[in-house]
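Report on the structure given below.
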Amino acid sequence: ALADAVGKAGFDMLLTANNHCHDTGTEGLKRTLEQVRSRNLATLGTQLSDGEKKYAVTDVNGIKIGMICYTYETDNRADTVALNGLPLKAEDKNLVNAFEYNALDTFSAELDANLAAMEADGAEATMVYLHWGDEYQLTQNANQTRIAQRICDLGVDVIVGGHPHVVQPMDLLESTVDPDHKTVCLYSMRNAVSNQR
């Protein structure tokens, strides 16, 4: 019903990578994608198989925008992906675009490769959606600030965050690599619709 309502409201794409996307296991993660896609809605952040692209390049008013979505992991072991404390099966860990706060070099390398693939697919601008930060905090934390600067230095144009459930600041970041590059960063957009307090 929610997928039907979202489609009828005019949305074209849903971000599906978040700390709850695996709460009902791999079966639930895949069922969500199947239900959403069956309503002709694109998804970003989770995949049905390891062979799917982890990003999308979409024409928006004549501009090709490369987009990718990631969520934070809750496990510090390099060989495991866990969301909300629930580990994914080893064969399914590539179904979710996820990053570990303590392994930012790995995250940067993966994101850089995806950005290059987006550019090869014609992207003229790039956006990264991140599920990150601390719930109910009105300002970004040190991890968000550090990650945002790394993403800016990779050349991304826009960062849009979620997870805190409240609005957090917007910033215009300057690259430490390319003095001419700037990145718009919205640390958290809050909830649009939620039963949350």
Side-chain angles (χ1 to χ4, degrees), residues 1-49 52-72 83-84 86 88 95-99 111 114-115 117-118 121-140 144 147-148 151 156-172 183-197:
L2 183 58
D4 288 333
V6 168
K8 289 175 183 173
F11 289 90
D12 300 313
M13 178 184 286
L14 296 181
L15 306 176
T16 54
N18 60 67
N19 61 305
H20 290 289
C21 67
H22 186 251
D23 283 359
T24 55
T26 302
E27 181 182 336
L29 185 146
K30 288 184 174 183
R31 184 177 184 277
T32 297
L33 288 172
E34 290 163 354
Q35 291 296 316
V36 170
R37 291 176 181 181
S38 73
R39 272 83 173 174
N40 296 316
L41 293 164
T43 59
L44 195 61
T46 58
Q47 294 77 230
L48 286 172
S49 71
E52 289 186 22
K53 289 182 180 178
K54 295 181 174 282
Y55 63 88
V57 176
T58 304
D59 188 296
V60 179
N61 296 326
I63 300 170
K64 288 189 176 180
I65 301 176
M67 297 175 281
I68 193 164
C69 174
Y70 283 90
T71 187
Y72 70 94
L83 304 173
N84 217 28
L86 303 169
L88 274 75
L95 299 182
V96 179
N97 297 352
F99 71 91
L111 180 56
N114 280 309
L115 291 169
M118 287 181 209
D121 283 350
E124 301 168 89
T126 52
M127 294 181 69
V128 175
Y129 296 95
L130 290 172
H131 203 79
W132 63 350
D134 297 319
E135 293 181 332
Y136 311 114
Q137 299 305 304
L138 298 175
T139 57
Q140 69 274 22
Q144 288 170 278
I147 293 168
I151 292 172
V156 169
D157 296 299
V158 179
I159 302 167
V160 178
H163 176 67
H165 305 294
V166 293
V167 174
Q168 289 183 339
M170 182 180 103
D171 204 352
L172 184 61
T183 300
V184 174
C185 179
L186 295 88
Y187 284 101
S188 175
M189 292 287 292
R190 68 153 167 87
N191 294 352
V193 178
S194 177
N195 62 353
Q196 203 132 3
R197 60 180 158 75

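Predicted model only: the values in this text are computed from it and were never measured.
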- CA sep, side-chain torsions, deciding dist, call: Val128, Ile68, side chain to side chain contact (heavy atoms under 4.5 Å, CB included): CA-CA 5 Å; Val128 175; Ile68 193 164; 3.9 Å; yes

- Under the side chain to side chain contact (heavy atoms under 4.5 Å, CB included) rule, what do Ile151 and Leu130 come out as? Steps first, then yes or no, please. CA-CA 11 Å; Ile151 292 172; Leu130 290 172; 3.5 Å; yes

- For side chain to side chain contact (heavy atoms under 4.5 Å, CB included), just list the numbers for Leu48 and Glu34, CA-CA rounded to whole Å, side-chain angles, deciding distance to a tenth of an Å, and then say yes or no. CA-CA 8 Å; Leu48 286 172; Glu34 290 163 354; 4.1 Å; yes

- Message: Could you walk me through whether Cys21 and Thr32 satisfy the side chain to side chain contact (heavy atoms under 4.5 Å, CB included) test, starting with their C-alpha distance in whole Å, then the side-chain angles of each, then the deciding distance to 0.1 Å, before giving a yes or no?
- Response: CA-CA 9 Å; Cys21 67; Thr32 297; over 6 Å; no

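We find the CE-CD1 distance between Met127 and Ile65 to be 6.5 Å, quoted to the nearest 0.5 Å. Atom-to-atom distance recorded for Thr58:OG1 and Met118:CE is 10.0 Å, nearest 0.5 angstrom. Atom CG in Leu186 sits 9.5 Å away from atom CD1 in Ile159 (nearest 0.5 Å). The distance from the NE2 atom of His22 to the NZ atom of Lys30 is 10.0 Å, given to the nearest 0.5 Å.
At distances below 3.5 Å, at least one donor-acceptor pair connects side-chain atoms of His165 with backbone N or O atoms of His163. Using modelled atom types, one side-chain atom of Asp157 and one backbone atom of Thr126 make a donor-acceptor pair closer than 3.5 Å. Checked by atom type and distance alone, the side chain of Asn18 pairs as donor or acceptor with a backbone atom of His20 at under 3.5 Å. Distance alone, capped at 3.5 Å, is enough to place a donor-acceptor pair between the Thr16 side chain and the Thr46 backbone. Checking side-chain atoms of Gln168 against main-chain N and O of Leu138 turns up no donor-acceptor pair under 3.5 Å.
Around the CE atom of Met13, the shell of radius 6.0 Å holds more than 12 heavy atoms that belong to other residues, nucleotides or ligands.
For the pair Asn97/Gln47, a side-chain contact is recorded, criterion being any heavy-atom separation below 4.5 Å from C-beta on. Considering only heavy atoms from C-beta on, Arg39 stays 4.5 Å or farther from Val6 through its side chain. A heavy-atom distance below 4.5 Å is found between the side chains of Gln140 and Pro169.
Across Lys54 and Leu44, no two heavy atoms sit closer than the pair O-CD1, 4.3 Å. When all heavy atoms of Tyr72 and Leu83 are compared, the pair lying nearest together is O-CD2, 3.5 Å. Across all their heavy atoms, Ser188 and Pro164 have their closest contact at OG-CD, 3.4 Å. For the pair Val158 and Val156, the tightest heavy-atom approach, listed with the atom from each and the gap, is O-CG1, 3.3 Å. Residues Gln137 and Val166 share a closest heavy-atom pair of O-CG2, 3.3 Å. Smallest separation of non-hydrogen atoms from Tyr70 and Phe99: CB-CD2, 3.9 Å.
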